[in-house]
Number of protein chains: 2
Amino acid sequence: MTISADVARRATNRGTPGRVGDVRRQNLALIMHRLDAAGQMTRAQLAAETGLTKASVSSLVADLMSAGLLSEVGLNRVGERGRPGLGVALNTEAAALGMEINVDYIAVGVLDFAGELHFHAVREQHNAGRPPEEVLSSLQSLADEALEQAGGSGMKIHAGGLAVPGLVDPANGRVLRAPNIGWRDVNVALWAEALVSGASFGTAIFNEANTSALAELWYGHGRDLDNYLYVSGEVGIGGGVIIDSELFEGPGGNAGEIGHVVVDPDGPDCSCGGVGCLERYAGQEAILAQAGVDGGNTVERMGALRVSLESQDAAALAAVERAGHHLGVATASTLRMLNLDAVVLGGHFAQLERWIVPAFRGSVNRHAPALLAEDRILVSKLGPTAAVMGAAGSRIRSVLQKPYELFS
Amino acid sequence: MTISADVARRATNRGTPGRVGDVRRQNLALIMHRLDAAGQMTRAQLAAETGLTKASVSSLVADLMSAGLLSEVGLNRVGERGRPGLGVALNTEAAALGMEINVDYIAVGVLDFAGELHFHAVREQHNAGRPPEEVLSSLQSLADEALEQAGGSGMKIHAGGLAVPGLVDPANGRVLRAPNIGWRDVNVALWAEALVSGASFGTAIFNEANTSALAELWYGHGRDLDNYLYVSGEVGIGGGVIIDSELFEGPGGNAGEIGHVVVDPDGPDCSCGGVGCLERYAGQEAILAQAGVDGGNTVERMGALRVSLESQDAAALAAVERAGHHLGVATASTLRMLNLDAVVLGGHFAQLERWIVPAFRGSVNRHAPALLAEDRILVSKLGPTAAVMGAAGSRIRSVLQKPYELFS
DNA sequence: TCATATAGTTCAACTTGAAAACTAATTCAG
DNA sequence: CTGAATTAGTTTTCAAGTTGAACTATATGA
């Protein structure tokens, strides 16, 4: 397994000549995307919906089948009369490995090309401050288990993705900064070469908030929205921006850092070196401190906070309302700059929905009136599997985008 | 002249099948972009640099020449020996019309495909509150003059672009909101049909800050930068975001509104309905009021402000420093969210460079340390022609991108 | 003056999709 | 239970467009 830089970037084309073969590459991707969206279709349906001719579809499907990416899934009645079509679908034996390192746990999962999650496993362990080698080695053993099981079921893993809570450099397989687990410039690529004995696929590295935003896109609210701001509330606050049903990465690949948007120029210092960042008002530590909840690890304290909220504890309610207010300020600024029209709240913001959303909504409306419709404030549907699914899904998307790279 | 929706958007491809002819379209665009960048090249050079064969280049150039987009420009010695090549360049007789409506003036210009501005004319007139028809009719007479002169010089206008200081809906040729000239939902498309008697080209409508940002990209600092935030300081504050050498428009086409990013949640109300927006601290009105400069129109008062600054007037210095400070806050948040690494200041921020940049720099470093290098705070090189050049340039880019649309 | 070098064109081969004809498999009416 | 109608999928022919090699055109320099 090697860390690769082939994270799907926007195909600019500019600068490279068009070859005749490019047309086929585009059409192969088109077929894959269509089947991904529709689940199962006959060649005739594919032809009708893509605009390609039946002849072309037959030829494209044949290539994709012999690469193991598609499979026929039995007869498929379409009209009342006439010859029934053979259903074609993404091969559920083709899959990607998703991995996650977070503050209090590591997780892995195998996601097949149809979007089904197999062999999902979470191992609770506190990773903050531990040496990266130790964490990565623990992750490796968990991944090995998943791969063994997947192999036993006849699945073939085509790619791997790893989500971490920090800034990454995907091109070089590095974690630049992950303050909440204490990592700084860790070369995951070096380690990944050795990960998963005998595995022959490449692994890419992602920011956890970004993969969660993508998981939401493919497996959650994204089915109904083509652009939104995803806010990931963990110990830190991360963000992911979806535009035109794609992750907006920014020039350096690290866009969406809403946790460090300034919400009060005269506010407290932040661990990022800045001043008045959102994270200092709406991160888990900040809320818990403000609410006066202490003792135990962060997960336990968040549980205690919920109890306090249920019992109408004034300090807890005020702390959450304050967080919602500031989250609204950062969101309003973001909506203006990026011209988005929906927001999806994840992580602890999802857990605190009942108490935080009213203050959040009020604040957004105050600072950016009419920019965010009533029904465009949503709460993530996905649980703790989000990051793993997003990491694996990202790699599956790379294959959908460039299926011909797996041709022999 | 008709308002058209063919504003160059990102070619997503997804959803449409690739046809064999698409390859040629891409290569035609490639030739155009290459010549735009290099100015003048022989066919052999084009082949070497694009990766196309000489045969293909000859064929592509022939098509582009018969459409009037390219012309041969005489012999061009390349090597010491051998047959000399014929230089090929963008036809300088092909051009686009740029127009601008702003608070205190209207302007037009004819920009040829090589980037030379001809027949630039500015008419000073106060447009705030005047009926749109009146302003547009005045613009029409100015445009007629430019077109007549251009026609007399044998130039052919292929497209027109209009920049206005407000939010636009390019697809429908509408100005949605332009508070500083008092327009609200003005259908420019309807009027444009009649504009410029006999003209047969389409006109597109743009946001002034966006065209200025693009002008900077093509004719200013953009030659050295592929991503930056452009901040346009006029009566209002607009913004344009450049990513990968393209304008970032956002899902709705109105991204970059930095003037209404929140810089103080408890600040004053803004004309946009929000609270604590940057414009209330760093817009011309705000600075002038804070500095205690009054009397006369905005242009005159800005002149008076400069005089006060030159003579170290305390109130003036404090007002500008305050503006710089808040501009820094909004910029820091923007850099985080969009992951940009340069800023170009335009409009009055350029005029006030000496006094505003230190405060701005300090504030950005305070809120987003290490995100913006010392030498990445730049001041626009372009004068008052920026918006007109950007508007015309945008249309020229559309032609570079899709030259085949002009084939007969 | 001729060898050499470079520019540009012509032409056969190849890839690929479109369009239409053709084969295959099913329903339904009589 | 048989044949017409209908729909699915394949085969064949054709056109677009790029490549690569051969060829023509035009220069320099010994």
For A89(A), is there any backbone N or O sitting under 3.5 Å from a side-chain donor or acceptor partner on Q40(A)? no

How many Å lie between CD1 on I31(A) and P on dG9(D), as a whole number? 12 Å

Provide, to the nearest angstrom, the distance between the CZ atom belonging to R43(A) and the P atom belonging to dA25(C). 13 Å

Is there a side-chain contact between R19(B) and the phosphate of dA18(C), meaning an N or O under 4.0 Å from OP1 or OP2? yes

Can you tell me if the side-chain N/O atoms of R24(A) get under 4.0 Å from OP1 or OP2 in dT15(C)? no

Any side-chain to backbone donor/acceptor pair from S153(A) onto Q149(A)? Under 3.5 Å, distance only. yes

NA contact type, V20(B), heavy-atom cut-off 4.0 Å: base, sugar-phosphate, or nothing? base

Do V241(A) and L247(A) make a side-chain contact, defined as non-hydrogen atoms from C-beta onward lying under 4.5 Å apart? no

F407(B) has an atom CZ; how far is it from atom P of dA16(D), in whole Å? 15 Å

Whole angstrom is fine here: how far is it from CZ in R81(A) over to C1' in dC28(C)? 5 Å

Between C1' of dG17(D) and CG of L28(B), the distance in whole Å: 11 Å

Angle class for the H158(A)/F113(A) ring planes (parallel below 30°, perpendicular above 60°, tilted otherwise)? perpendicular

For A55(A), does its backbone N or O pair with a side-chain atom of S59(A) as donor and acceptor, under 3.5 Å? no

Rounded to the nearest Å, what distance is computed from the CG atom of residue D63(B) to the C1' atom of nucleotide dG17(D)? 11 Å

Most 5' of A44(A) and G18(A) on DNA chain D, judged by nearest nucleotide: A44(A)

Please report, rounded to the nearest Å, how far the C1' atom of dG9(D) is from the CG atom of L70(A). 16 Å

Nearest listed nucleotide, side chain of R83(A), among dT7(D), dT10(D), dG8(C): dT7(D)

Heavy-atom side-chain proximity of Q401(A) to M32(A) below 4.5 angstrom: no

Any N27(B) side-chain N or O less than 4.0 Å from OP1/OP2 of dT18(D): yes

To the nearest Å, how far apart are L86(B) CG and dT6(C) C1'? 13 Å

Would you call D22(A) and R25(A) a salt bridge, using N to O less than 4.0 angstrom? yes

For DNA chain D, the residues among residues 51-61 of chain A that have a non-hydrogen atom under 4.0 Å from it: K54(A), A55(A), S58(A)

